Amino acid sequence: MYIQSRNLSLRQIAESGQCFRMNEIEEGRYSLIAFGEYVELQQIDDEQIRILGASPDNPTLWEEYFDLHYDYGAVIRELLSGEDEFLRKAADYGSGLRILRQEPFEILISFIISQNKNIPAIKSAIERLCQAYGERKCWSMDPRISYYTFPSATALAGANLEDLRGLGLGYRDEYVLKAAQAVAEGRLDLQQLMKMDCEQLTAKLISLRGVGKKVANCVTLFAFHQLQSVPVDVWIARVLEEIYKGEFSWERYGGRAGLIQQYMFYYIRNRK
DNA sequence: CTCCAGGTGCTGG
DNA sequence: CCAGCACATGGA
């Protein structure tokens, strides 16, 4: 199947630090594991991508995943015509970024793991977690390609701490196990959270051990699509301090602040 | 080998 | 409220 939209760059999204299981396999072609399926993504041109191996069961699934209904062009135009030079450059540089609508449990666990790790280390830790507790499957388009799904909460909750420790998650293994147990036992109902407003949602998330403000904001932004959420990590903190001298106002961008943050993050980390 | 990472929890002021 | 520190590990 094909997806058409402006402001949709597979490369930029894959390098944006919001998803950890999307990888370039050759020029302009990416593998992605999500919703328990493996697909390959191909950038056809500036306004079109192709998805290979997508299950026909839910035809709008990938359009939702890539957040097709949101007008990213409007935000880019706003920034390009604004007086903030750093944001003009960031918007120009990352104009193909989007905030994906990813699965809440995967994002919760992934960003618990992310703390105090760099992106390559996060990716490899998540792969090890998937190999240990996910389900091994073969791709329908090519059975020679096998992959592991992201573990279910039930599967992960059934792990014991010693085995988890062997995966090299460091001190985060305990946080991961507890979060998985909270979800598996229904104490944290992710479906229920969908209906909450951002403030309640954040409070629920922060009540988990190992989930602070930054991780909670990543979960609300990347899984619950709360675009007003602004995760402040070491890179963003650096931008706020060094570029803006502590004077930047997120309020000005309201419900787009999280997206603005993403343009900043991508630009500061990837510009040459 | 050393440095640092999409932080959090805890403690002491 | 804020500053300082420990935390466990791997990738660069």
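Model, not experiment: these values are computed from the prediction. Lettering follows sequence order; numbering is per chain, from 1.
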Exercise for the section: Answer with yes or no whether the side chains of A/Glu106 and A/Ser110 bring together a donor and an acceptor at under 3.5 Å. Expected result: no
Exercise for the section: May I ask whether A/Phe265 stacks on the base of B/dG6, given the cut-offs of 5.5 Å between ring centres and 30° between planes? Expected result: yes
Practice task
Determine whether the side chains of A/Ser31 and A/Arg21 contain a donor N or O and an acceptor N or O closer than 3.5 Å.
Solution key: no
Exercise for the section: Could you work out the separation of C/dA3 and B/dG6 based on their C1' atoms and round it to a whole Å? Expected result: 22 Å
Problem - Criterion side-chain hydrogen bond (donor to acceptor under 3.5 Å, both in side chains) on A/Asp67 and A/Tyr72, from CA distance to verdict - result: CA-CA 9 Å; A/Asp67 198 26; A/Tyr72 288 86; 2.4 Å; yes
Problem - Base of B/dG9 paired with side chain of A/Tyr175 (donor-acceptor, under 3.5 Å) - result: no
For nucleotides 10-12 of chain C, print each protein N/O atom paired with a nucleotide N/O atom at under 3.5 Å, atom names and distance only.
unit_1: C/dG11; atom_1: OP1; unit_2: A/Ser124; atom_2: OG; d: 2.9

Practice task
Spell out yes or no: do the side chain of A/Gln115 and the base of B/dG9 have one donor N/O and one acceptor N/O closer than 3.5 Å?
Solution key: no
Handout entry: Neighbour count >12 (heavy atoms, 6.0 Å) for atom NZ, A/Lys137
Key = yes
Completion exercise
Using Watson-Crick geometry (N1-N3 plus N6-O4 or O6-N4) or G-U wobble (N1-O2, O6-N3), each under 3.5 Å, C/dA12 is paired with B/dT2
Exercise for the section: With heavy atoms under 4.0 Å as the rule, sort A/Arg165 into base, sugar-phosphate or nothing. Expected result: nothing
Handout entry: Short side-chain N/O contact to B/dG6 OP1/OP2 from A/Arg172, under 4.0 Å
Key = no
Problem - Pair of N/O donor and acceptor under 3.5 Å linking B/dA5 base with A/Asp233 side chain - result: no
Problem - Residues A/Tyr244 and A/Asp84: side-chain donor-acceptor under 3.5 angstrom - result: yes
Practice task
For A/Ser110, answer base if it contacts any base atom (sugar-phosphate contacts may also be present), sugar-phosphate if it contacts only those atoms, and nothing otherwise; contact means non-hydrogen atoms under 4.0 Å.
Solution key: nothing
Practice task
Have a look at A/Ile236 and say if it touches a base, only the backbone sugar-phosphate, or nothing, with a 4.0 Å heavy-atom cut-off.
Solution key: base
Problem - 5'-most by nearest nucleotide on DNA chain B - A/Val232 or A/Val211 - result: A/Val232
Practice task
Kindly check if the number of other-residue, nucleotide or ligand heavy atoms within 6.0 Å of CG (A/Asp46) is above 12?
Solution key: no
